[in-house]
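Report on one structure; see the data block that follows.
Residue numbering restarts at 1 for every chain, and letters A, B, ... go by the order of the sequence lines. Note that the structure is a prediction, hence the values are computed from the model and not measured.
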Amino acid sequence: MDIERSLQAALRPVDPPADFTAGVMARIAREQQQRRRARWQMPVALAASLLVAAVGVRIVMQQREQQRIETARQQLALALEITSSQLNGLQQRLNRNTMENGI
Amino acid sequence: MSLNLISLAEASPDMLPETAAGPPAIPQAAASLLNDLQAAQRGEQAAFARLVRAHQARVFSVALRLTGRREDAEELAQDAFVQLHAALPQIHSTAHLLHWLLRTISHRSIDRLRARERSPRLVQIDAMEHAAEESALDPLWSRRLRALLAQLPAAPRAVVLLRFQEDLEPTQIAAVLDMPVNTVKSHLRRSLEWLRAQQALADQAGEQHGH
């Protein structure tokens with residue numbers, strides 16, 4: 001028999017398993033669901049990241065403000081301490097002068 | 001074959017044959033495929049399922065005869081249809097759809113076959129088509145032909161399959177496989193010569209056995 005006709009006869013299409021189409025449609029439905037979920041997940045993840053970043057920035061700013069206040073408080077305390085010690089020195093000198101002059 | 005029907009349905013009206021009743025006749029199957037394609041592109045899942053059913057045997061058979069394994073063929077054919085669903089907006093005709101499917105399944109099956117050929121080879125030829133309908137041709141000779149085909153390397157095997165299973169012309173095969181037309185013709189000629197030689201050897205052996 002002619003080999004070309006034999007090949008055409010031998011190579012008739014073979015049917016896939018009976019549930020093939022159902023399998024394809026189920027996979028497509030699954031992938032669409034995953035894509036939909038991914039479409040929602042992306043903005044949600046972005047919003048969550050922005051929120052975390054905003055909260056982080058606020059915390060850092062608060063910490064810096066706290067640090068600034070603390071530094072100012074310490075500087076004021078030091079200034080008051082210096083002023084107080086100078087006033088004490090002045091007081092002692094005044095007392096000494098008063099005693100020396102017998103006033 | 002159906003590729004010709006589809007091309008006919010999508011040709012410009014003046015190229016279609018005039019009928020006595022009036023406007024040119026569009027083959028019903030091709031028109032229905034076109035309707036299903038357009039409906040599937042609008043998102044109708046039932047229409048896409050009909051497209052799958054219309055093409056699944058051809059796509060599955062190419063994968064089965066290239067890879068030689070039913071489970072690989074089923075997986076690859078399913079992948080091809082899932083990919084097709086995502087690519088639907090780019091498909092502009094039913095001929096394009098068939099070309100797209102044959103191209104995708106051929107390339108993927110050849111890749112799978114080549115990947116497997118790098119590892120120790122398992123030939124499962126007989127098991128792969130026990131469910132196939134046998135034609136009027138001698139079933140043993142059909143089986144032997146398919147077994148011989150499975151011994152060809154990936155590229156010539158794909159060429160022979162697309163020529164004799166899908167009835168594609170060498171230029172169409174060249175477009176599907178991304179191969180020069182002369183390479184396709186050369187694969188075809190050499191494969192047929194080899195198959196004829198194998199047939200002659202088998203006939204000789206049969207005659208000797210008869211005496």
Side-chain angles (χ1 to χ4, degrees), chain A residues 1-70, chain B residues 45-46 48-65 70 73-75 77-82 84-86 128-139 141-149 160-167 188 191-193 195-196 198-199:
Chain A
M1 194 178 178
D2 173 22
I3 195 88
E4 298 187 18
R5 279 180 53 207
S6 303
L7 275 168
Q8 275 170 340
L11 297 179
R12 289 189 170 188
V14 185
D15 281 325
D19 58 352
F20 181 85
T21 309
V24 171
M25 299 313 290
R27 271 187 58 182
I28 288 170
R30 242 188 344 263
E31 290 191 9
Q32 279 180 332
Q33 205 174 10
Q34 280 170 353
R35 267 201 299 274
R36 265 199 297 274
R37 206 175 296 150
R39 252 205 306 271
W40 278 105
Q41 276 170 349
M42 189 67 128
V44 167
L46 195 68
S49 309
L50 284 174
L51 188 70
V52 166
V55 168
V57 166
R58 179 130 182 89
I59 288 171
V60 167
M61 281 171 72
Q62 272 180 344
Q63 280 176 344
R64 279 187 188 165
E65 183 66 13
Q66 204 68 35
Q67 217 167 16
R68 205 176 58 79
I69 291 169
E70 181 63 23
Chain B
Q45 299 299 308
F48 185 75
R50 285 195 295 276
L51 284 179
V52 174
R53 270 192 290 275
H55 294 93
Q56 64 185 19
R58 299 169 76 169
V59 172
F60 176 73
S61 301
V62 170
L64 177 64
R65 287 171 179 148
R70 286 190 81 84
E74 194 178 340
E75 183 199 332
Q78 280 202 353
D79 286 348
F81 283 111
V82 171
L84 170 70
H85 189 266
M128 75 185 193
E129 288 200 45
H130 53 82
E133 276 181 35
E134 291 297 350
S135 59
L137 188 70
D138 171 13
W141 175 227
S142 271
R143 189 173 295 184
R144 169 125 181 91
L145 259 182
R146 288 194 293 264
L148 287 172
L149 190 65
V160 172
L161 266 179
L162 292 173
R163 178 74 191 96
F164 295 103
Q165 181 190 297
E166 291 303 316
D167 206 19
L188 260 180
S191 301
L192 289 176
E193 277 171 10
L195 287 168
R196 280 193 196 99
Q198 296 301 311
Q199 185 183 18

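Of the possible donor and acceptor atoms, one in the side chain of B/R146 sits under 3.5 Å from a partner among the backbone N and O of A/A10. A distance-only check finds a donor-acceptor pair linking the side chain of B/R65 to the backbone of A/L11 [under 3.5 Å].
In this structure, CE in A/M25 is found 6.0 Å from NE2 in B/H85, a value given to the nearest 0.5 Å. To the nearest 0.5 angstrom, B/R163 atom CZ is 7.0 Å from A/E4 atom CD. Considering CD of B/Q199 and CG of A/D2, their distance stands at 8.5 Å, rounded to 0.5 Å. Between the CD atom of B/Q56 and the CG atom of A/D15 there is a distance of 7.0 Å, given to the nearest 0.5 Å.
A heavy-atom distance below 4.5 Å is not found between the side chains of B/F60 and A/P13.
Counting heavy-atom neighbours within 6.0 Å of A/E70 CD, excluding the residue itself, gives a total above 12. The number of heavy atoms from other shown groups lying within 6.0 Å of CD (A/Q62) is above 12.
When B/V160, B/D79, B/L192 are compared by the number of non-hydrogen pairs under 4.5 Å with chain A, B/D79 comes out ahead. Heavy-atom pairs under 4.5 Å with chain A peak, among B/L161, B/V52, B/L149, at B/V52.
When every heavy atom of B/L145 is checked against every heavy atom of A/L7, the shortest pair comes out as CD1-N, 3.8 Å.
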Q: Tell me, with the steps shown, if A/I28 and B/F81 meet side-chain contact (heavy atoms from CB on, under 4.5 Å).
A: CA-CA 9 Å; A/I28 288 170; B/F81 283 111; 5.7 Å; no

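Using a 4.5 Å cut-off between heavy atoms, B/A63 does not touch chain A at all. When heavy atoms are compared at a cutoff of 4.5 Å, B/Q198 does not approach chain A at all.
Legend: residues meeting salt bridge (charged side-chain N to carboxylate O under 4.0 Å, His left out) with A/R68, ordered by chain and number and at least two apart, are A/E65.
Of residues 29-42 of chain A, those residues with a non-hydrogen atom less than 4.5 Å from any non-hydrogen atom of chain B are, in numerical order, A/E31, A/Q32.
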